[in-house]
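Since this is a predicted model, take the numbers as computed values, not measurements. Just so you know, ligand 1 is whichever comes first in the structure, and atom 1 is the first atom listed for that ligand.
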Amino acid sequence: MITLTNLEKIYRTKEIETVALENVNLTVDKGEFLSIMGPSGCGKSTLLNIIGLLDAPTSGTVEIAGTYTANMNDKQLAMFRNQKLGFVFQSFHLINSLNVLDNVELPLLYRKVSAKERRVAAEAVLEKVGLSHRMRHFPTQLSGGQCQRVAIARAIVGNPDIILADEPTGNLDSKMGAEVMDLLHKLNKEDGRTIVMVTHNEEQAKQTSRTVRFFDGRQVM
Ligand SMILES: Nc1ncnc2c1ncn2[C@@H]1O[C@H](COP(=O)(O)OP(=O)(O)O)[C@@H](O)[C@H]1O
Ligand SMILES: [Mg+2]
């Protein structure tokens, strides 16, 4: 489902050069739930951003769902991202001026899906994440755990094969974090979605299919 070959990422500013990833080779199979672990600054977010086609590697290849992404233009990348990938971030990234339904519908708006179809799809995923009773609420009226479940609903509303989650429970207490993890496991087991998650939590990582560790931009196991 995901194949990264000889991946390297170097950030260059005028004075500093940072090697964020070095010789990364990684394959993620369809239906896998992969954890990525490692100390702060070791390149985890860089890796997730490259898998998510939000950033390009300095060298090496990225293959997602059978497609090499190197030669796509920005418009093609944006469309591919919208159709194949769902993103979940530590800080939710919801739009506070939009209610829950409107937040969840956003990826479909981009695809020019009709208003009626957007509504039906958003209601269905909000039921899936257990928030049917909060559809008219605004993000500021919800708990952190609920916000993250809204963000997950938004990530899956377009039915992507792959979910990328960067420390999805990092801003949540353990109870809310456990709810979010239960939900991610459900999306993996019941719906067969492939998940790549960055986490600092060993217990969480143990529950997933596999853990890959990084140190200083390099895979250590
Ligand atoms: N946009 C950027 N410009 C320059 N350096 C960056 C940028 N993003 C990340 N880095 C550097 O790359 C390294 C890896 O960062 P990151 O992928 O965010 O690590 P992690 O998510 O594991 O904490 C760090 O040294 C960080 O300072
Ligand atoms: Mg990070």
Original post:
So is Lys44 polar-close to ligand 1, meaning N/O to N/O under 3.5 Å?
Top reply: yes

Subject >> Atoms of ligand 1, numbered as shown, that sit under 4.0 Å from any heavy atom of Ser45 >> reply: 17 (O), 18 (O), 20 (P), 21 (O)

**OP:** Establish whether atom 26 (C) of ligand 1 and some protein heavy atom are separated by less than 4.0 angstrom.
**Re:** no

Original post:
At what distance is the nearest protein heavy atom to atom 20 (P) of ligand 1, and which residue and atom is it?
Top reply: Gly41 N, 3.5 Å

Original post:
Say you draw a straight line from CG of Asn103 to CE of Met135; how long is it, rounded to the nearest 0.5 Å?
Top reply: 14.0 Å

Subject >> 4.0 Å protein heavy-atom contact status of atom 12 (O) of ligand 1, strictly under >> reply: yes

**OP:** Sort out for me which residue in Thr58, Asp55, Thr18 forms a side-chain hydrogen bond (donor to acceptor under 3.5 Å, both in side chains) with Lys9.
**Re:** Asp55

Original post:
Is Arg136 salt-bridged to Asp102, cutoff N-O under 4.0 Å?
Top reply: no

Original post:
Do we see a donor-acceptor contact under 3.5 Å between the side chains of Arg193 and Asn159?
Top reply: yes

Subject >> Exercise: do Thr140 and Asn96 side chains pair donor with acceptor under 3.5 Å >> reply: no

Original post:
Does the shortest distance from the Mg ion (ligand 2) to an N/O/S atom of Ser45 fall below 2.8 Å?
Top reply: yes

Original post:
Which of these, Gly43, Ser40, Gly38, Gly217, has its nearest heavy atom closest to atom 19 (O) of ligand 1?
Top reply: Gly43

**OP:** Return yes or no for this condition: an N or O of Thr46 is under 3.5 Å from an N or O of ligand 1.
**Re:** yes

**OP:** Take Glu202 and Lys206 through the test salt bridge (Lys or Arg N to Asp or Glu O under 4.0 Å) and record every step on the way to the result.
**Re:** CA-CA 6 Å; Glu202 289 284 353; Lys206 264 188 216 155; over 6 Å; no

Subject >> Shared hydrophobic cluster, Phe87 / Leu187 (ILVMFWY, side-chain heavy atoms < 4.5 Å) >> reply: no

**OP:** From the options Tyr11, Phe215, Phe214, select the one whose nearest heavy atom is closest to atom 9 (C) of ligand 1.
**Re:** Tyr11

